[in-house]
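Please read the structure below before turning to the comments.
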Amino acid sequence: MSEKLDGKVAVVTGAGAGIGEAIARLFSEHGCRVVIADRSAQAAERVAGDISGLAVTADVTHEAQVADLFKACEEAYGRLDILVNNAGHPGPTVKVEDEDMAVWDETIAVNLSGVILCIKHAVPLLKRQGGAIVNLSSLSGLKGKPLRSAYCASKFGVIGITQSVAFEVGVHGIRCNAICPGGVFGTGL
């Protein structure tokens, strides 16, 4: 794996903690230069400091911040090889009749709209030499679960985006895949 990542540049969203932090650290261990994107400036700076990465504070639900994220990547490294769409919102655990639509909208904004915004701004950089987009869906994106309508809907949507984008960008040497982890209750980091 080291040879494949040596000298590559990755943007990992939601990389200030959890799965995103673990991905960023692993990439760095294998020679990848990593842009740590997170809503929390403190979390992004902590991880970036540990791995000599670039910390960028960005909320993936705001297109201007997403555009600035990829601009910072280009200015710092001149390229992008890998995008990992990891930023996520757990959504509510409620009966459908008790669904708070503001929380629904926030879940969809982070988990679904955030993915497409990052892809939109990453593709022009990825087209230069090809690369990979990795979207984090979930087992809940493959099979619905009771009390988890917003989360399941958003993660099913990530699968649809992944399949559509893969057909579109494959001709440019860009792979687009989704991974579907199960529950993660602690990283031990």
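Residues take their numbers from the sequence shown, with the count starting at 1. Keep in mind it's a predicted model, so treat the numbers as computed, not measured.
Note that the NE2 atom of His89 and the CG atom of Leu112 stand 13.5 Å from one another [nearest 0.5 Å]. Summarising the geometry, atom CD belonging to Glu21 is positioned 12.5 Å from atom CG belonging to Leu26; distances are rounded to the nearest 0.5 Å. Between Ser28 atom OG and Ile23 atom CD1 the span is 13.5 Å, to the nearest 0.5 Å. Interatomic distance, His30 NE2 to Lys8 NZ, rounded to the nearest 0.5 Å: 15.0 Å. If you take CZ on Arg33 and CG on Leu80, they are separated by 11.0 Å, rounding to the nearest 0.5 Å. For the atom pair CD of Glu63 and CD of Gln65, the computed distance is 11.5 Å after rounding to the nearest 0.5 Å.
At a cut-off of 3.5 Å, with distance as the only test, a side-chain donor of Asp59 or Thr61 sits close to an acceptor on the other residue. Between the side chains of Arg148 and Thr93, at least one donor N or O lies within less than 3.5 Å of an accepting N or O.
Residues Val84 and Ile36 fall within the same hydrophobic cluster, defined by Ile, Leu, Val, Met, Phe, Trp and Tyr side chains chained together at heavy-atom separations under 4.5 Å. Taking hydrophobic clusters as Ile, Leu, Val, Met, Phe, Trp and Tyr residues chained together by side-chain heavy-atom distances below 4.5 Å, Leu117 shares a cluster with Leu126. Cluster annotation: Ile119 and Leu136 are assigned to distinct hydrophobic clusters (Ile/Leu/Val/Met/Phe/Trp/Tyr, side-chain heavy-atom contacts under 4.5 Å, transitive). Follow the hydrophobic side-chain contacts under 4.5 Å out from Val115 and you reach Val35 in the same cluster. Taken together through direct or relayed side-chain contacts under 4.5 Å among Ile, Leu, Val, Met, Phe, Trp and Tyr, Val158 and Val66 form part of one hydrophobic cluster.
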Using the rule given for side chain to side chain contact (heavy atoms under 4.5 Å, CB included), can you reason through Ser149 versus Trp104, listing the C-alpha separation, both sets of side-chain angles and the distance that settles it, and then say yes or no? CA-CA 9 Å; Ser149 297; Trp104 169 280; 4.1 Å; yes
Between Ile82 and Leu5, does the side chain to side chain contact (heavy atoms under 4.5 Å, CB included) criterion hold? Intermediate values first, please. CA-CA 10 Å; Ile82 305 163; Leu5 292 179; 3.6 Å; yes
Determine, stepwise, if the pair Arg128 / His172 fulfils side chain to side chain contact (heavy atoms under 4.5 Å, CB included). CA-CA 8 Å; Arg128 294 177 186 171; His172 301 289; over 6 Å; no
Might you work through the side chain to side chain contact (heavy atoms under 4.5 Å, CB included) test for Asp50 and Arg25, ending with a clear yes or no? CA-CA 9 Å; Asp50 288 350; Arg25 289 179 182 280; 2.7 Å; yes
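In this structure, the side chains of Cys180 and Ile159 come closer than 4.5 Å at one or more pairs of heavy atoms. The shortest distance between side-chain heavy atoms of Val12 and Val34 falls below 4.5 Å. Put simply, the side chain of Ile133 reaches to within 4.5 Å of the side chain of Ile174, judged on heavy atoms. Side-chain contact check for Asn177 versus Ile179: every heavy-atom pair is 4.5 Å or farther apart. The shortest distance between side-chain heavy atoms of Leu142 and Phe156 does not fall below 4.5 Å. You'll find the side chain of Ser40 stays beyond 4.5 Å of the side chain of Thr57, heavy atoms only. Using a 4.5 Å cut-off on side-chain heavy atoms (C-beta onward), Gln129 and Asp81 make contact. Proximity of Glu75 to Lys71: side-chain heavy atoms (C-beta onward) are separated by under 4.5 Å at one or more points.
Considering all non-hydrogen atoms of both residues, Ala87 and Thr13 come closest at N-OG1, 2.9 Å. Across all non-hydrogen atoms, the minimal contact from Ser137 to Lys155 is OG-O, 2.8 Å. Minimum heavy-atom separation, Tyr77 to Gly53: OH-C, 4.2 Å. Between Pro181 and Ile19, the shortest heavy-atom distance links the atoms CG-CD1, 4.3 Å. When all heavy atoms of Phe70 and Leu83 are compared, the closest pair comes out as CZ-CD1, 3.9 Å. Here the closest heavy-atom approach between residue Val56 and residue Ala72 is recorded as CG2-CB, 4.0 Å.
Taking a 6.0 Å sphere around CZ of Arg39, one finds it holds 12 or fewer heavy atoms contributed by other residues, nucleotides or ligands. Counting non-hydrogen atoms of other residues, nucleotides and ligands closer than 6.0 Å to NZ of Lys145 gives a total above 12. Within a 6.0 Å sphere centred on CZ of Arg175, other residues, nucleotides and ligands contribute 12 heavy atoms or fewer.
Side-chain atoms of Ser164 never come within 3.5 Å of backbone atoms of Ile161 as a donor-acceptor pair (strictly under, hydrogens ignored).
Tested against Asn135, the residues Asn111, Asn86, Asn85 include a single side-chain hydrogen bond (donor to acceptor under 3.5 Å, both in side chains) partner, Asn85.
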